[in-house]
Structures are given as C-alpha cells and as structure tokens.
Protein chains: 2
Amino acid sequence: MSSDVVTDRLRTALLAGQYAPRQRLIETELAADLSVSRSAVRNALLQLAAEGLVEMQLNRGARVREISLAEAVEITEVRQGIESLVAARAAERVTDEQAEELRELGERMSDAVVRGELVAYSDLNAALHARLREIAGHETATRIVEQLNGQLVRHQFRLAMLPGRPGRSLPEHLAIIDAVRARDAEGARAAMAAHLGSVLTTLAALEDGSGRRA
Amino acid sequence: MSSDVVTDRLRTALLAGQYAPRQRLIETELAADLSVSRSAVRNALLQLAAEGLVEMQLNRGARVREISLAEAVEITEVRQGIESLVAARAAERVTDEQAEELRELGERMSDAVVRGELVAYSDLNAALHARLREIAGHETATRIVEQLNGQLVRHQFRLAMLPGRPGRSLPEHLAIIDAVRARDAEGARAAMAAHLGSVLTTLAALEDGSGRRA
DNA sequence: GGTGACAAGATTGTCAACAATCGTGTCAGC
DNA sequence: GCTGACACGATTGTTGACAATCTTGTCACC
C-alpha cells in the first residue's frame with residue numbers, strides 16, 4: 001500500500017525534527033506536499049498516532065505530540081527495565097565477531113568524546129544500543145524500545161549536548177561493552193541499569209533547572 | 001469518529017477470544033456483522049494491527065495474530081522488567097486506603113484458590129496487576145503493559161488452568177501485596193520479578209512439554 | 001469597550017464506487 | 001495423471017465527493 005511509504009516518509013520527517021511539537025499536521029497540506037492522496041496521509045497519521053509520535057483529537061486532526069520532560073523520565077524508566085534485559089541477553093548470545101565489533105564501537109565512541117564531536121558521539125550512542133538489541137535478538141523488547149525511542153529523539157538530542165554529559169556517559173557505555181564482551185549477563189544488566197539511571201538523574205536535574213516549555 | 005467505536009468492539013471481541021488465531025478477518029463481513037461501513041472496519045483493523053492484535057499483509061488483508069509460546073515468553077520477559085518497576089512505584093505511592101483494598105484483594109484471591117474457582121482467581125489476578133498499575137500512576141508503563149497483555153490473553157488463560165499453578169502463584173501474589181503494603185519498594189520489585197520469573201519457568205515447561213501448535 | 005450570537009471558511013470524518021491484486025478452479029497440452 | 005497457463009470470483013487498496021464539525025471573524029447589543 002502506498003500508505004506505508006507515506007507513513008515512513010512522515011515518520012522520518014518527524015524523527016528528524018522537521019515539524020515542531022504541537023504543530024498541527026493538516027491532511028490536505030501534507031497530501032499536497034508529498035503529492036499523494038489525503039487518505040494515504042490520513043492512514044499514515046493514524047499509524048503514527050498508534051506509535052505515539054502524533055496525537056489525534058476528534059474532528060481536530062493531528063498534532064505533533066509534545067513529550068514533556070516528565071514523560072521523558074517515564075519513558076526512560078521503562079527503557080531501563082527493558083534495555084537491562086536486552087543487555088543481559090546480548091551478553092549471553094554475543095559471538096566473537098560481534099564482541100570485536102563492540103570493542104571497535106567503544107573505541108570510536110572514546111575517540112569522538114576526546115575530539116569533542118558531540119553529534120558523532122550521539123550517533124554512536126544510538127548505534128551501540130541498536131547493535132545490542134540486534135545481538136540480543138529479542139523481537140518484543142526491540143519493538144518496544146524502538147517505539148519508545150522514537151518519542152524521545154528531541155530530549156536525547158538535548159541531553160547529549162549538555163556540557164560534561166559525554167564525559168559521564170562514556171565510561172558507562174564502555175562498562176556495558178566490557179560486560180557484554182565478558183559474557184557477564186548480570187554485569188551487563190547492572191551496567192545498563194546504571195547507565196540509564198544516570199540518564200534519569202540528568203533528566204531530573206533538567207526538570208528542576210530549566211523551564212517547563214523548552 | 002465511529003471508527004473508534006468499531007475498534008473498541010473488535011478489540012473486546014478479539015480479547016474475548018471470539019475469533020480464532022490465524023483466522024482471516026474479512027472487511028466486508030465484519031462491516032456487515034457490525035453494520036458499519038467498510039472504511040470504519042478498515043481503520044479499526046489498522047489500529048489493531050498497530051496494537052499487535054491482528055497482522056496485515058499487503059493485498060491479503062488482516063488475520064488474527066497468533067502468538068507463539070516463544071513470543072509469549074518474550075512478552076513475559078519484557079513484562080517482568082516493566083511490572084517490577086510498577087510494583088516498586090506502587091509501594092512508594094500507595095495510600096492507606098489503597099493498602100486496605102489490596103489486603104482485601106489478597107483475601108479474595110486466597111478464597112478463590114481454596115474454593116477452586118479458577119476463573120475467578122484468574123480475574124482477580126488480572127485485577128491485582130491492574131490495580132497496582134493504577135496505584136503506581138505510571139502512564140507509560142501502564143500503556144505498554146496493557147498493550148502486551150492484550151497479546152497474551154490466550155496464553156494467560158491456559159496458564160491459569162494448569163493443575164497446581166494457582167497454588168504456586170498465590171503466595172507470590174500475596175508477597176507482592178505484603179511488600180507494597182509495607183511500602184517496601186525494593187521488596188515489591190523483587191516479589192514481582194520473582195512472580196513473573198515463576199510464570200516464565202512455567203511457560204518454558206509448557207514449551208518443552210506440549211506441542212507447538214496449541 | 002466588552003460579550004454573545006451568527007455566518008463563512010477551513011478541516012476533518014464518512015461513504016460508496018472504481019481499480020488493482022490475489023487465490024482458486026478449470027482446462028489444454030504433454 | 002501431472003504440470004502450467006488462463007480466467008473468474010473474491011477481497012483489498014485507492015480515490016474523490018459529500019456531510020459533519022470546528023475555528024475564526026464580524027456585528028449587533030448591552
């Protein structure tokens with residue numbers, strides 16, 4: 001169905017931050033922009049609403065869903081539970097080849113931090129979590145974490161740009177990698193839980209510090 | 001929108017086990033049955049596909065999604081992570097009134113087991129988990145656990161009917177209730193993790209024992 | 001100057017018809 | 001008797017038009 005293509009295009013646009021939070025998404029406009037029929041857009045919006053990227057109100061159409069800091073905290077708490085499982089599972093199933101890959105990934109992360117390449121580090125961060133999910137091979141966990149991640153993009157971006165944040169999160173990431181490479185499931189679980197715990201405290205600090213509406 | 005009503009009706013029908021797994025859901029038929037337009041049914045099916053209750057294939061429409069035992073295990077593993085969080089949060093936030101409610105719920109569960117009322121026990125089981133989610137007040141966790149639960153109904157039902165299963169799960173439930181009533185967050189987390197761990201071993205036993213296709 | 005009713009415009013929700021696709025049964029050819 | 005092409009029926013995917021609803025701007029009235 002062409003709706004699927006439309007859904008993908010809209011999703012990537014949303015994830016790229018192409019539309020502002022709370023912005024109205026008018027079906028006719030989007031249909032014209034993407035040069036597809038309104039129903040295709042409509043279906044896509046329904047789909048994205050189910051994924052939590054947009055919110056729909058009766059007779060008022062779709063808006064870009066704004067994720068508050070409080071929600072970001074909730075989402076990260078849930079991620080903590082699931083990704084710990086993923087890390088443990090990855091430690092149990094990692095192959096030698098994958099272990100070597102993870103080692104290289106860790107080196108590249110260190111390099112990026114040393115060189116102050118924040119965006120690159122942020123990308124590698126996402127890549128690491130994604131690679132762990134692949135290694136774990138846990139479809140349900142993967143599906144849900146990715147759904148949750150989609151809702152977080154904006155906040156994750158903000159977080160990575162905080163001064164001093166990379167210096168704190170890098171060793172956490174390296175600890176996860178080490179535990180997985182050592183096939184230490186419980187160690188990997190704990191390292192991942194600690195890492196997301198650190199994300200949570202950072203978010204909580206933001207919650208007190210900065211304003212509500214940013 | 002009328003699609004929402006249709007979605008709800010279809011969802012409850014699916015959760016009630018009114019359609020067999022892998023059964024095709026033909027839009028025209030459902031539209032006639034519910035006496036609504038086909039588009040309403042179509043939207044509902046898309047929605048339910050996003051929730052994981054049905055699966056859609058291009059040009060081949062919707063089927064009731066069959067959840068394999070392996071998937072049930074995955075789902076329960078994820079639930080273990082999230083519901084542990086819920087239990088801990090509930091222990092932190094429970095009011096005196098809610099604590100009393102939980103105590104009564106525990107008594108009713110014990111009664112049901114003593115009297116051998118399996119269906120009632122199964123219902124109370126679901127009610128306990130739901131009440132804990134309410135007490136925890138964690139919207140994200142609630143949303144995801146309920147989504148996952150929807151996919152499990154069939155297996156949960158099978159599980160509750162296993163001989164000896166209520167005798168094993170009752171004390172686990174009571175332990176959760178006690179920890180929450182004692183405001184012992186870590187205890188509640190551990191009790192919930194242990195409970196779902198016990199569900200997991202039971203599921204694993206089923207996986208070896210019975211055939212694949214049941 | 002402010003408030004409420006009303007009308008116009010914009011936008012969404014619903015429907016029925018049309019086009020595209022798939023699965024199945026039939027039949028010719030070997 | 002078996003295989004593959006073909007056509008038919010069933011079902012889904014898409015489109016455009018129409019109805020219902022909300023929002024905004026205007027104006028009379030207090």
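Numbers restart at 1 for each chain; the letters A, B, ... are given by sequence-line order, proteins then strands. The figures here come from the full heavy-atom set of this structure, side chains too, leaving out hydrogens, waters and symmetry mates.
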- Message: Rounded to whole Å, please give me the gap between CG in B:L34 and C1' in C:dT14.
- Response: 16 Å

- Rounded off to whole Å, could you give me the CZ-to-P distance for the A:R63 and C:dT11 pair? 13 Å

- Atom CD of A:E27 to atom P of C:dT14: distance rounded to whole Å? 11 Å

- Item | Ion pair A:E139/A:R143, N-O distance below 4.0 Å | no

- Item | Audit row: B:R103, B:E107, salt bridge (Lys or Arg N to Asp or Glu O under 4.0 Å) steps and yes/no | CA-CA 6 Å; B:R103 195 193 56 73; B:E107 272 186 14; 2.6 Å; yes

- Message: Just to be sure I understand: a Watson-Crick pair is purine N1 to pyrimidine N3 plus N6-O4 or O6-N4, both under 3.5 Å. Using that and G-U wobbles, which stems of three or more pairs involve DNA chain D?
- Response: C:1-30 with D:1-30

- In whole angstrom, give the distance that lies between atom CG of B:L30 and atom C1' of D:dA10. 15 Å

Show me the protein contacts with nucleotides 18-23 of chain C, counting only N or O atoms at under 3.5 Å.
residue: C:dT21; atom: O3'; partner: B:N59; partner atom: ND2; Å: 3.1
residue: C:dG23; atom: OP1; partner: B:R60; partner atom: NE; Å: 2.9
residue: C:dG23; atom: OP1; partner: B:R60; partner atom: NH1; Å: 3.2

- Item | Distance in angstrom units between B:L45 CG and D:dT11 P, rounded | 14 Å

- Sequence neighbours left out, what passes side chain to side chain donor-acceptor pair (under 3.5 Å) with B:R189? Give chain and number order. B:E186

- Note on the structure: B:R42 CZ to D:dT15 C1', in whole Å, measures 12 Å

- Considering residues at least two apart in sequence or located in another chain, which fulfil the side chain to side chain donor-acceptor pair (under 3.5 Å) criterion with A:E146? none

- Task: Identify, with sequence neighbours excluded, every residue that meets ring pair (Phe, Tyr, Trp, His ring centres under 6.0 Å) alongside A:H138.
- Result: none

- Between A:E101 and A:R181, is there a salt bridge with N-O shorter than 4.0 Å? no

- Separation of D:dT23 C1' from A:Q57 CD (nearest whole Å): 13 Å

- Task: Send over the distance from A:M56 CE to D:dC22 C1', rounded to a whole Å.
- Result: 14 Å

- Query: For B:R168 and B:S198, does a side-chain donor sit closer than 3.5 Å to a side-chain acceptor?
  - Reply: no

- Note on the structure: Here the pair of heavy atoms bringing A:A99 nearest to A:V94 is N-CG2, 3.6 Å

- Message: Looking at A:S39, I'd like to know whether one of its side-chain N or O atoms comes within less than 4.0 Å of OP1 or OP2 on D:dT14.
- Response: no

- Message: For A:R133, give me all partners under side chain to side chain donor-acceptor pair (under 3.5 Å), at least two apart in sequence or on another chain.
- Response: none

